[in-house]
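I am attaching a structure below and will ask some questions about it afterwards.
For the single chain, residues carry numbers from 1 onward in sequence order. Everything numeric here is computed off the predicted structure, so don't read it as measured data.
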Amino acid sequence: MVEGKNLEEASGGFEEENESKKGFCGCFCLPIIWFKMLATEMHWSFVFGVVVVYGISQGLGGALSRVGTEYYMKDIQKVQPSEAQIYGGITSIPWIVKPLWGLLTDVLPIFGYRRRPYFVLAGCLGVVSMLLLSLHEKLHLVLALLSLTAGSAGVAIADVTIDACVAQNSISHPSLAADMQSLCALSSSIGALVGYFISGIFVHLIGPKGVFGLLTIPAGLVFLIGIMLDEPHMPNFAYRQVNQKFLDAAKAMWTTLKCPDVWKPCLYMYFSIALSLDIREGMFYWYTDSKGGPLLSQEKVGYIFSIGSAGSLLGAILYQNVLKDHPFRDLCFWTQLLFGLSGMLDLILVFRLNLKFGISDYFFIVIDECVHQMIGRLKWMPLLVLSSKLCPSGIEGTFFALLMSIDNVGLLSASWGGGGLLHILKVTRTNFDNLWLVILIRNILRISPLCLLYLIPRGDPNSSILPTEILDTKERTETQGTENIELVSLINDVDVK
């Protein structure tokens with residue numbers, strides 16, 4: 001009996017060991033099975049397109065572009081931090097006209113294709129602009145700005161076009177809609193983490209211009225999507241209807257925007273972002289200054305941004321699991337208040353109070369960036385959900401792109417406002433005496449949108465925001481039905497520092 005019991009225990013241990021091995025292998029096999037399932041259901045070219053646009057172009061490429069551009073403006077163009085702040089706003093203008101790209105992909109096919117030609121155009125813009133920046137020895141500042149803006153336009157066009165593809169597949173495969181959103185978010189997060197981690201290393205090894213040369217690879221892959229994407233051909237498209245479709249969509253959007261239940265939250269979202277002045281360039285110049293600042297290396301700057309991306313991801317997870325069912329107004333109050341208070345960490349850093357407590361500059365900046373990105377994501381997520389609740393039937397995608405453009409105008413205002421404040425208080429490449437005052441003013445302005453909280457509805461994500469007359473306009477406003485752009489703006493990072 002003892003021997004039998006021992007045999008049973010041994011066999012049980014062997015089975016547990018096998019199960020643990022299966023579980024270990026399953027961690028690697030399940031993502032592969034998931035990818036295969038998505039590729040089988042919706043064609044492999046679509047999955048390839050999502051990974052390229054979200055993961056490689058926006059995630060990895062966006063991280064490399066941000067760090068490379070900051071060092072390019074500082075070390076090669078040698079502009080002042082206030083000027084770099086203004087120029088950064090200029091290069092983001094293509095994202096403001098995002099609804100235009102969306103309408104074009106929806107109602108204006110080229111050579112009988114709705115999506116493929118726009119991927120080709122986006123890829124060409126990216127490759128040509130990045131090659132010009134990387135190969136030209138002494139590129140004039142104006143031409144450099146035009147090239148950076150063209151590259152940004154390429155990323156924006158690819159973003160809207162892949163959003164439209166996701167929308168189509170979400171309608172034709174409703175059971176896989178959540179999987180597609182997960183694919184977008186996963187690709188973006190992993191791409192950004194890897195991109196920021198290696199960005200500083202590449203800037204150190206090959207310089208900012210070399211990084212721009214590397215960015216031709218993501219743009220080339222976007223071009224490749226335009227060649228390989230599986231899309232039906234429509235040779236007999238009625239181009240005469242294009243003008244009418246544009247007019248119908250514009251009229252429907254204007255009718256919705258005039259509704260107080262819509263324009264009031266939009267006004268709050270704009271001021272919430274615009275009043276959070278972006279002084280990122282001033283902080284970056286101070287981070288890398290040899291006299292007043294901590295003199296961080298390129299590698300450390302990249303690592304800091306990488307950890308910041310992890311903080312942003314943590315904020316999204318926290319919202320999804322803990323805060324997603326809370327009322328909009330309550331969430332906006334606490335996140336806006338915490339966003340303003342978190343800015344005081346920059347004040348502690350500039351006064352070097354962290355050193356008095358034995359905390360190194362690098363470690364404190366890592367904490368600062370992680371907290372800032374996490375709270376920024378928590379602040380952004382309820383506004384993103386609220387935006388989705390404001391979209392009427394029939395023009396959901398295009399109207400959501402319009403709302404995101406309003407937010408992008410807010411980001412542009414914050415960038416230019418921060419640049420103007422840096423200029424007025426004479427924060428330059430070598431003079432940071434008034435940087436503390438810039439930070440203090442920014443922190444006060446971050447809290448000021450609390451006075452406008454009455455513009456936000458009291459409802460939660462489970463309640464209806466739009467009035468009945470707007471919700472019932474689907475038949476009158478439907479311009480493209482299944483061809484609209486979906487609200488897949490998971491990576492529109494509110495990166496205000």
Check: Hey, which of Val211, Val79, Val203, Leu139 is the one that makes side chain to side chain contact (heavy atoms under 4.5 Å, CB included) with Tyr72?
Finding: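 Between Tyr72 and the candidates, side chain to side chain contact (heavy atoms under 4.5 Å, CB included) is satisfied uniquely by Leu139.
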
Check: Under a 4.5 Å cut-off applied to non-hydrogen side-chain atoms, are Asp361 and Arg352 in contact?
Finding: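 The answer is yes; the side chains approach within 4.5 Å.
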
Notebook entry, point to check: Any side-chain heavy atom of Ile307 within less than 4.5 Å of one from Tyr196?
Noted result: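 Side-chain contact under 4.5 Å: no.
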
Next item on the list: Could you check if a side-chain atom of Trp380 sits within less than 4.5 angstrom of a side-chain atom of Asp407, using non-hydrogen atoms only?
Entry: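 When only atoms from C-beta onward are counted, Asp407 and Trp380 do touch, with a gap below 4.5 Å.
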
Margin query: Using 0.5 Å steps for rounding, measure from the CD1 atom of Ile217 to the CG atom of Leu64.
Written below: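 Going from CD1 on Ile217 over to CG on Leu64, the span is 9.5 Å.
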
Note to self: Please report the interatomic distance CD1(Ile304) to OH(Tyr362), rounded to the nearest 0.5 Å.
What the structure shows: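 Separation between the atoms: 5.5 Å.
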
Check: Are the side chain of Ser57 and the backbone N or O of Tyr54 linked by a donor-acceptor pair below 3.5 Å?
Finding: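 No; zero donor-acceptor contacts below 3.5 Å.
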
Margin query: For the CG atom of Asn443 and the CG atom of Leu277, what is their distance to the nearest 0.5 Å?
Written below: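 Answer for the CG-CG pair, Asn443 versus Leu277, is 10.0 Å.
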
Notebook entry, point to check: Which heavy atom of Ser82 sits nearest a heavy atom of Leu422, and at what distance?
Noted result: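 Reported closest heavy-atom pair: CB-CB, 3.9 Å.
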
Notebook entry, point to check: Is the side chain of Thr216 donor-acceptor paired with the backbone N or O of Met130 at a distance under 3.5 Å, no angle test?
Noted result: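 No, because the side chain of Thr216 does not come within donor-acceptor range (under 3.5 Å) of the backbone of Met130.
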
Check: What heavy-atom pair brings Ala63 and Gly195 nearest, and what distance separates the two atoms?
Finding: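 Taking Ala63 first and Gly195 second, the nearest heavy atoms are CB-C, 3.5 Å.
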
Item checked: Ser134 side-chain N/O to Gly210 backbone N/O, donor-acceptor pair under 3.5 Å ->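 No, the answer is negative, given that no donor and acceptor are paired below the 3.5 Å cut-off.
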
Check: Are Arg377 and Ser312 close enough that a side-chain donor and a side-chain acceptor fall under 3.5 Å?
Finding: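 The answer is yes; a qualifying pair exists.
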
Margin query: Would you say the rings of Phe119 and Phe223 are close, in the sense that their centroids are separated by under 6.0 Å?
Written below: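 Centroid separation for Phe223 and Phe119: 6.0 Å or greater.
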
Next item on the list: Return yes if some donor-acceptor pair links the side-chain N/O of Ser65 with the main-chain N/O of Gly62 below 3.5 Å, else return no.
Entry: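 It does not hold such a pair.
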
Check: Can you name the closest pair of heavy atoms from Gln85 and Arg280 and give their distance?
Finding: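 Taking every non-hydrogen atom into account, OE1-N, 3.4 Å.
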
Next item on the list: Please examine the side chains of Tyr71 and Ile76, heavy atoms only from C-beta on, and report whether any two atoms are closer than 4.5 Å.
Entry: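 Result no, sub-4.5 Å side-chain heavy-atom pair not found.
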
Check: Where do Leu425 and Ile441 land on the side chain to side chain contact (heavy atoms under 4.5 Å, CB included) test, with the steps shown first?
Finding: CA-CA 11 Å; Leu425 295 178; Ile441 294 172; 4.1 Å; yes

Notebook entry, point to check: Do the non-hydrogen side-chain atoms of Lys300 and Tyr287 ever get within less than 4.5 Å of each other?
Noted result: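 Side-chain contact under 4.5 Å: no.
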
Check: Which heavy atom of Ser92 sits nearest a heavy atom of Leu412, and at what distance?
Finding: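 Scanning both residues completely, I find the closest heavy atoms to be OG-CD1, 4.1 Å.
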
Check: More than 12 non-hydrogen atoms from neighbouring residues, nucleotides or ligands closer than 6.0 Å to NE2 on His423, yes or no?
Finding: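 Atom NE2 in His423 is not crowded, with 12 or fewer foreign heavy atoms closer than 6.0 Å.
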
Next item on the list: Kindly determine whether Asp278 and Leu411 satisfy side chain to side chain contact (heavy atoms under 4.5 Å, CB included), including the steps that lead there.
Entry: CA-CA 8 Å; Asp278 183 356; Leu411 287 172; over 6 Å; no

Checklist line | Approximate separation, where rounding is to 0.5 Å, of Glu369 CD and Met283 CE | finding: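 Spacing of CD (Glu369) from CE (Met283) equals 9.5 Å.
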
Margin query: If you define the side chain from C-beta out and look only at heavy atoms, does anything of Leu452 sit under 4.5 Å from Leu267?
Written below: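 Leu452 does not reach Leu267 side chain to side chain.
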
Check: Is atom CZ of Phe284 surrounded by more than 12 heavy atoms (other residues, nucleotides or ligands) closer than 6.0 Å?
Finding: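 For Phe284, atom CZ is crowded (more than 12 foreign heavy atoms under 6.0 Å).
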
Item checked: N/O donor-acceptor pair under 3.5 Å between Glu70 side chain and Glu281 backbone ->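 A pair under 3.5 Å: no.
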
Checklist line | Over all atoms of both residues, closest heavy-atom pair of Ser129 and Ser147 | finding: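 Between these two residues, the closest heavy atoms are CB-O, 3.2 Å.
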
Checklist line | Residue pair Leu214, Ile206: steps toward the side chain to side chain contact (heavy atoms under 4.5 Å, CB included) verdict | finding: CA-CA 10 Å; Leu214 286 178; Ile206 59 179; 3.7 Å; yes

Checklist line | Pairwise side-chain contact, Ser187 with Gln58, heavy-atom cut-off 4.5 Å (strictly under) | finding: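 No, side chains not in contact.
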
Notebook entry, point to check: Can you name the one residue among Thr69, Leu148, Thr149, Leu141 that meets side chain to side chain contact (heavy atoms under 4.5 Å, CB included) with Tyr87?
Noted result: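 Only match with Tyr87 under side chain to side chain contact (heavy atoms under 4.5 Å, CB included): Leu141.
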
Next item on the list: Would you tell me whether Tyr270 and Ser413 have side-chain atoms, one donor and one acceptor, within less than 3.5 Å of each other?
Entry: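 Yes, a side-chain donor-acceptor pair sits under 3.5 Å.
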
Next item on the list: Establish, from distance only, whether the side-chain atoms of Lys379 and Ser272 form a donor-acceptor pair under 3.5 Å.
Entry: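 Result is yes, a qualifying pair exists.
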
Margin query: Any donor-acceptor pair under 3.5 Å linking the side-chain atoms of Trp101 with those of Thr161?
Written below: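 Side-chain D/A pair, Thr161 to Trp101: absent.
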
Notebook entry, point to check: At their closest point, which heavy atom of Ile365 faces which heavy atom of Pro294, and how far apart are they?
Noted result: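 Scanning both residues, the minimum pair turns out to be CD1-CG, 4.0 Å.
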
Item checked: Flag, side chain of Asn354 to backbone of Phe364, donor-acceptor distance under 3.5 Å ->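 Side chain of Asn354 to backbone of Phe364: no pair is present.
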
Margin query: As a quick check of understanding, evaluate side chain to side chain contact (heavy atoms under 4.5 Å, CB included) for Phe111 and Arg116, giving each step before the final call.
Written below: CA-CA 10 Å; Phe111 302 119; Arg116 292 171 66 175; over 6 Å; no

Note to self: Could you measure the distance from the CG atom of Leu435 to the CG atom of Asp289? Nearest 0.5 Å is fine.
What the structure shows: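 Taking CG in Leu435 and CG in Asp289, the distance rounds to 10.5 Å.
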
Check: Tell me, do His136 and Leu143 make a side-chain contact under 4.5 Å, heavy atoms counted?
Finding: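 No - every pair of side-chain heavy atoms lies 4.5 Å or more apart.
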
Item checked: Heavy atoms from other residues, nucleotides or ligands near CZ of Phe48 exceed 12 (cutoff 6.0 Å) ->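 Count over threshold, so yes.
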
Margin query: As an exercise, state the distance from CG of Asp433 to OG1 of Thr428, rounded to the nearest 0.5 Å.
Written below: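 Asp433 CG to Thr428 OG1: 8.5 Å, rounded to 0.5 Å.
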
